*Asks:* 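Please see the structure below; I have some questions.
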Amino acid sequence: MPLRVHDTRRREKVDFSTMEPGRVKMYICGVTVYDLCHLGHARCYLAFDLIHRWLEKSGYDVEYVQNFTDIDDKIINRANETGSDWRELVEDNIATYFRDMDTLNILRADQYPRCTEYVEEMIAITADLIEKGNAYAADDGVYFSVDSAPEKYGLLTGQNIDAVRSGAGGRVDDTGATKRDHKDFALWKAAKPGEPTWDSPWGPGRPGWHIECTAMSMDAFGEQFDIHGGGHDLLFPHHEAEIFQGECHTGCSPVVHHWLHNGFVNIDGEKMSKSLGNFWTIEDILGKVDPLVLRFSLINAHYRSPIDMNEQLIKDAAKNHERLISVYKAALELMGEDPVPLPEGDIASAVPIVKSLGLLEKMAQGFAKAMDDDFNSREACAKVLGALREMSRMLTELDGDDVAAYALHVVEWLEDTAGDVLGVLPSREQVMLEPEEDPRKAEIAEQVESLLARRVVAREAKDWPSADAIRDELNALGVVVTDTPEGPTWDLN
RNA sequence: GCACGGAUGUCAGAGCGGCUAUGAGCGGGAUUGCAGAUCCUGAGACCUGAGUUCAAAUCUCAGUCCGUGCUCCA
C-alpha cells in the first residue's frame with residue numbers, strides 16, 4: 001500500500017513520490033518571532049512532526065527545513081512598543097519556540113534558517129525577476145507584477161483574476177502604495193525612518209515577506225523540492241506568491257511537488273484570534289495540561305480538519321492517554337528480561353495468546369494503513385486505543401513465561417506506534433518512576449504514605465467511615481488511591 | 001459575490017460501494033466494604049430529494065444549511 005498525500009495544488013490525494021529515491025526534501029513555513037507561540041503553532045508543527053516521523057518510519061531520509069521570519073513589520077512594531085531591541089526580541093522568542101516545541105515532543109528540523117541571513121539571495125532573485133519582466137521597481141519598493149504570469153494565478157485557491165478583481169470592489173483602485181495593481185505584492189520594501197535596513201540596488205530597505213521562503217527553500221534544496229507545508233491561512237497570498245516567484249525565477253513548474261496545509265484550531269467553536277482575545281499560548285496551556293495530553297488531543301484529528309479545542313476535548317485526551325500509559329506501565333512491569341519466543345499470531349486460532357498476537361498484528365497493519373492514507377493520525381490513534389483493550393485483557397489473563405513474552409511484545413508494539421510515530425509515550429524511566437522519585441510527588445509522598453497507612457488500619461477494622469474520610473483527605477491533596485489485592489497504590493490526579 | 005471545504009448516534013469524530021469503527025456520555029453485568037480503575041455487555045447515526053447499482057453513509061446531479069479564505073496571521 002503506497003503512501004498517499006493530499007496535494008493542495010492538485011486538490012486530491014496523490015501517490016507520494018520523491019525526486020530522489022528514499023530522500024524527502026521538506027520545507028515548512030516557520031513562525032514570525034514577534035510573540036509567544038500559541039495553540040495554532042502547536043497544531044501546525046505537530047502536524048508536520050507527525051508527517052516527519054511517519055516518513056522516517058517508512059524508510060525515507062527526510063531533510064526537514066523550517067525557517068524563522070526574524071524581520072517583519074510586526075517585529076519592528078513590537079520592539080518599538082516594548083522599547084527593546086528587535087534582535088533581542090527575536091532571540092527571546094526563538095528560545096521560547098524551541099522550549100515549547102521540545103516540551104511537546106516535536107522532533108527538531110535539520111535546519112532553521114533565518115531570513116536576515118539570506119538577504120543577499122533575496123536581492124538576487126528580485127533582480128532576476130525584474131530582468132525577466134516579472135517585477136518592477138516603484139518609489140517605495142519592488143513589486144511582483146501578477147499580470148506578468150496570469151496563468152499562475154489561483155493555483156492553490158482556485159480563484160481567478162477577474163473574480164478577485166470584481167470581488168475586491170473599491171480596493172482595486174486604492175492600491176495603498178505605488179504599485180501598479182492591487183494584486184501585486186512587495187518583493188522589496190524601501191526603508192522607513194528608524195527601521196533596520198539592508199543595502200540594495202533599489203536603495204536601503206528590507207525584503208518582503210514572500211520572497212524569504214523562496215530564497216531559503218531554494219538555498220536548501222535547489223530549484224525543486226518534494227514537500228512544502230504550512231498553515232491553511234498561508235495558502236493565499238503567501239504560498240501563491242511563492243509559486244509566482246519560484247516558478248518565474250527558475251522556469252520550473254512546479255517548484256514544489258506536494259503542497260500540504262494543516263487545518264486551524266478553533267476555541268469553543270470560535271476562530272482563535274488575537275482580536276477576539278481567545279488565543280491560548282502554549283505556555284498558558286502547559287500550566288494546566290500535561291504536554292503529552294495536549295499532544296494527544298491535537299493529533300487525535302486529521303491534520304487537515306479544523307479542531308475545536310475545548311475542555312471536553314482535553315478531558316477525553318487525558319483519559320485516553322492515561323489508559324495508554326497504564327497499559328504501557330503494566331507491560332513494562334510484567335515483561336521478562338529474556339523472554340521465550342512468541343508463537344506466530346493467527347486470528348483464527350483457538351489458543352488465546354496466538355489469537356491475540358494475530359489481532360495485534362492486524363491492528364498494527366491498520367495503523368500503518370491509516371498513516372499511509374494522508375497521515376490519518378486520528379484513525380491511527382483509534383487503532384492504538386483499540387489495541388489497548390486487547391492488551392490489557394491478555395495481560396491479566398496470561399501467566400508465567402507467556403505473560404512475560406507477551407508483555408515484551410506489547411511494549412515493543414506501543415513504542416513502535418504510540419511512541420516513535422505518534423510521540424505520545426513518555427520514556428520507560430519516566431513511566432517507572434516510584435512516587436518518591438517524581439519531584440512532583442516527592443514533596444507530598446511522606447504525608448500520603450502516612451495517610452495510606454492509617455487507612456489500611458481503618459479498612460482492616462472495617463471502619464468504612466474513617467477509611468473514606470481519609471480517602472477524601474487524599475483526594476483533596478490531588479491524590480487518587482487505587483486499592484489492589486497487594487494493597488493500595490496512589491498517583492497524582 | 002467568488003473560491004475552497006464540510007453536513008455521520010447525546011457529544012467529539014473516522015470510514016467513503018456490500019460488513020461498519022474509536023473515545024466520552026448513558027443502560028446492564030463481573031470485580032470491590034463503597035467509590036474509582038479494569039474487564040464483559042446493551043441501546044443509539046449516516047442533511048433533503050432524485051439518479052446510477054444486484055448493493056449507496058460511501059458514486060452522480062440538484063437543493064438546504066454550516067465553516068473558512070479573498071487583508072498581517074500556523
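A quick note: this is a predicted structure, and the numbers were derived from the prediction, not measured. Chain A is the first sequence line, chain B the second, and so forth, proteins listed ahead of strands; every chain is numbered from 1. What you see below is based on every heavy atom in this structure, not just the backbone, and it leaves out hydrogens, waters and symmetry mates.
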*Asks:* Check A/Asp140 with A/Lys192, please: is the shortest side-chain N to carboxylate O separation under 4.0 Å?
*Replies:* no
*Asks:* Look at all strands and tell whether A/Arg11 reaches a base, only sugar-phosphate, or nothing, counting heavy atoms closer than 4.0 Å.
*Replies:*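 Contact class for A/Arg11: sugar-phosphate only.
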*Asks:* Counting primed atoms plus P, OP1 and OP2 as sugar-phosphate and everything else as base, spell out the protein contacts along nucleotides 38-47 of chain B at 4.0 Å heavy-atom distance: B, S or - for each nucleotide, 5' to 3'.
*Replies:* SSS-------
*Asks:* Do NZ/NE/NH1/NH2 and the carboxylate oxygens of A/Arg53 and A/Asp49 come within less than 4.0 Å?
*Replies:* yes
*Asks:* Check whether the side chain of A/Arg304 and the base of B/C4 form a donor-acceptor pair under 3.5 Å.
*Replies:*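 Between B/C4 and A/Arg304, which were checked side chain against base, a qualifying N/O pair under 3.5 Å is absent.
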*Asks:* Heavy atoms only, 4.0 Å cut-off, all strands: where does A/Asp483 land among base, sugar-phosphate and nothing?
*Replies:* base
*Asks:* Mind checking A/Val384 for me? I need base, sugar-phosphate or nothing, with any heavy atom below 4.0 Å counting as a touch.
*Replies:* nothing
*Asks:* Check this one for me: any side-chain N or O of A/Asn320 less than 4.0 Å away from OP1 or OP2 of B/A12?
*Replies:* no
*Asks:* Looking across every strand, which nucleic acid part, if any, lies under 4.0 Å from A/Gly231 by heavy atom: base, sugar-phosphate, or nothing?
*Replies:* sugar-phosphate
*Asks:* Would A/Phe236 count as stacked on B/G69 if the rule is ring centres under 5.5 Å and plane angle under 30°?
*Replies:*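 No; by the centre-distance and plane-angle rule, A/Phe236 does not count as stacking on B/G69.
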*Asks:* Should the side chain of A/Asp468 and the base of B/G33 be counted as holding a donor-acceptor pair, with the cut-off at 3.5 Å?
*Replies:* yes
*Asks:* Just call it for A/Tyr45: base, sugar-phosphate, or nothing, with non-hydrogen atoms closer than 4.0 Å on any strand.
*Replies:*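 Sugar-phosphate contact only.
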*Asks:* NA contact type, A/Arg9, heavy-atom cut-off 4.0 Å: base, sugar-phosphate, or nothing?
*Replies:* nothing
*Asks:* Should we count CD of A/Glu151 as having more than 12 external heavy atoms under 6.0 Å?
*Replies:* yes
